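Because the structure is predicted, anything quoted here is derived from the model rather than measured.
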Number of protein chains: 2
Amino acid sequence: MISDKKVNIINAAIKSFSHFGYKATTMDQVAKIAKVGKGTIYTYFSTKEELLKVIIHKMAVEMRKIATEAVTTGDDFVANFNAVLHAVTQFQEEHELIIKLSQEVKEIGTPEVIEALQDFENEICAFIEMKINLAIERGELKECNPKITAFLMYKMYINLVNDWKERYDSLDKDEIASLINLYFIHGIGSEE
Amino acid sequence: MISDKKVNIINAAIKSFSHFGYKATTMDQVAKIAKVGKGTIYTYFSTKEELLKVIIHKMAVEMRKIATEAVTTGDDFVANFNAVLHAVTQFQEEHELIIKLSQEVKEIGTPEVIEALQDFENEICAFIEMKINLAIERGELKECNPKITAFLMYKMYINLVNDWKERYDSLDKDEIASLINLYFIHGIGSEE
DNA sequence: CAATCGACCAAAATACTATTTTAGTCATAT
DNA sequence: ATATGACTAAAATAGTATTTTGGTCGATTG
């Protein structure tokens, strides 16, 4: 059974990281929000960095869970791909933390945060890669390098969610899903 | 006729920016490489930033020229798309400057460089957008939002050239061209 | 006299120091 | 046995002195 205090600490840290970023969050702050003594945090997490990594990892696990649940056995890759995209784009709060941390990386380049987000990317890409491999075996996708494909899918998602909105208006969830579907699965070459 | 000295200054600046980056390049340095007095630079360019912008703009113009020349009238979008990609990926020296400046943005975020690279991206994307529009009119591409499509094509290229190599081995020019062709034009959904 | 130059200057960047903040510890309290 | 918060060493920040550098302009030259 997971300690009540540990859960409080994690939630407090998520709240503070999302709000102020990693660097600007102090352990005193986290202790205060979690309503525990600062020392207590260190009985569960050895460093501030570990606290961040645990949170990011939990987030990746949860995304994987959400994605896995969105998959309908029997449906093909494309249908499931859209279902997963739709499910994943729902989780606004999870996204807030990731977006805040991404901003921090861009603005001040905190090394611990760079590493944590890299881990997150790797976990997500590994999951996509696995699904792509299965789909290729089943003949639902063309032969292609699964690692590169997973990487580009993830990046296209990020490009659409984070980078496009900096230039023009931000796109809504369904638009993003349908764009990835158009470009990635079907391609824009006219069929003959 | 363009002054000899102006050309020297531009070439000196390209060399120094590529080698040391924008911030670490001093105007004394540029003057020395160009073998002109520092004051002379200011008869051609009002500020260091303008010097950078002129160089970046020239580069965008040259890329557009290269791309335009690679296009064979009569060939369809896909064939020309590959020809352009191939031609563009040849220009190693031009790329070195852009890559160095991109690194500088990631590492120290020099505002003038952020802006200059943004301008470059906009010019390149505007060109791609125009070509996409033509191709859609001719029925060589499916209906799609040309601005988003151009943006994503450019980004995928950057993802492959810059970001992939940070994680794994860097890809060679032909690989990159064929990957973009695969994902973008054909898609990886299995044809039925 | 038109173009070039480089010593010069104000402003910005950097190095250095003093001060404050904070991650992490540990003796004490519950 | 656990939790705590005062404590400390190290890191971050603020403040200051020094150096560097973008940009000017009067002197120079062809």
Worksheet item: Rounding to a whole Å, what distance do you find between Lys48(B):NZ and dT20(D):P?
Response: 15 Å
Practice prompt. May I ask you to say what Thr47(A) touches in the nucleic acid, namely base, sugar-phosphate or nothing, with a heavy-atom cut-off under 4.0 Å?
Written response: sugar-phosphate
Item to complete: Rounded off to whole Å, could you give me the CD-to-P distance for the Glu49(B) and dT21(D) pair?
Response: 18 Å
Worksheet item: Which listed nucleotide (dT4(C), dA3(D), dG22(D)) is nearest to the side chain of Lys5(A)?
Response: dA3(D)
Worksheet item: How many angstroms lie between atom CG of Asp172(A) and atom CD of Glu175(A), to the nearest 0.5 angstrom?
Response: 4.5 Å
Worksheet entry | Distance, rounded to the nearest Å, where Met27(A) contributes CE and dA11(D) contributes C1' | 15 Å
Worksheet item: Does Trp164(A) reach the main-chain N or O of Asp169(A) with its side chain, forming a donor-acceptor pair under 3.5 Å?
Response: yes
Worksheet item: Contacts to DNA chain D from residues 29-38 of chain A, heavy-atom cutoff under 4.0 Å, which residues?
Response: Val36(A), Gly37(A), Lys38(A)
Response to the item:
Assert: residue with more 5' nearest nucleotide on DNA chain C, out of Asp28(A) and Thr40(A), is Asp28(A)
Item to complete: Go through the steps for Ser18(B) and Glu96(B) under the test side-chain hydrogen bond (donor to acceptor under 3.5 Å, both in side chains), then give the verdict.
Response: CA-CA 6 Å; Ser18(B) 299; Glu96(B) 260 160 41; 5.7 Å; no
Quiz: residues 76-88 of chain B side-chain donor-acceptor pairs under 3.5 angstrom, not counting sequence neighbours:
residue, atom, partner, partner atom, Å
Asp76(B), OD1, Val78(B), N, 3.4
Asp76(B), OD1, Ala79(B), N, 3.0
Asn80(B), OD1, Thr72(B), N, 2.8
Asn80(B), ND2, Thr72(B), O, 3.2
Asn80(B), ND2, Asp75(B), O, 3.3
Asn82(B), ND2, Val78(B), O, 3.2
His86(B), NE2, Asp174(B), OD1, 3.3

Practice prompt. Return yes if some donor-acceptor pair links the side-chain N/O of Lys48(A) with the main-chain N/O of Tyr22(A) below 3.5 Å, else return no.
Written response: yes
Worksheet item: What is the distance from CZ of Phe45(B) to C1' of dT24(D), rounded to the nearest Å?
Response: 18 Å
Item to complete: Figure out the CD1/P separation between Ile41(B) and dG6(C), and round it to whole Å.
Response: 12 Å
Practice prompt. Can you tell me the distance, in whole Å, between the CG atom of Asn8(B) and the P atom of dC5(C)?
Written response: 10 Å
Worksheet entry | Worked check of side-chain hydrogen bond (donor to acceptor under 3.5 Å, both in side chains) between Thr25(B) and Gln29(B) | CA-CA 7 Å; Thr25(B) 292; Gln29(B) 172 97 268; 5.8 Å; no
Worksheet item: Taking the six-membered ring for Trp, are the ring centroids of Tyr183(B) and Tyr183(A) within less than 6.0 Å of each other?
Response: no
Discussion item. I need the NZ-P distance between Lys6(B) and dT4(C), as an integer number of Å.
Written reply: 12 Å
Worksheet item: Please give, in whole Å, the distance from dT20(D) P to Lys23(B) NZ?
Response: 15 Å
Worksheet item: Looking only at side-chain N and O atoms, does Tyr42(A) come under 4.0 Å of OP1 or OP2 in dG5(D)?
Response: no
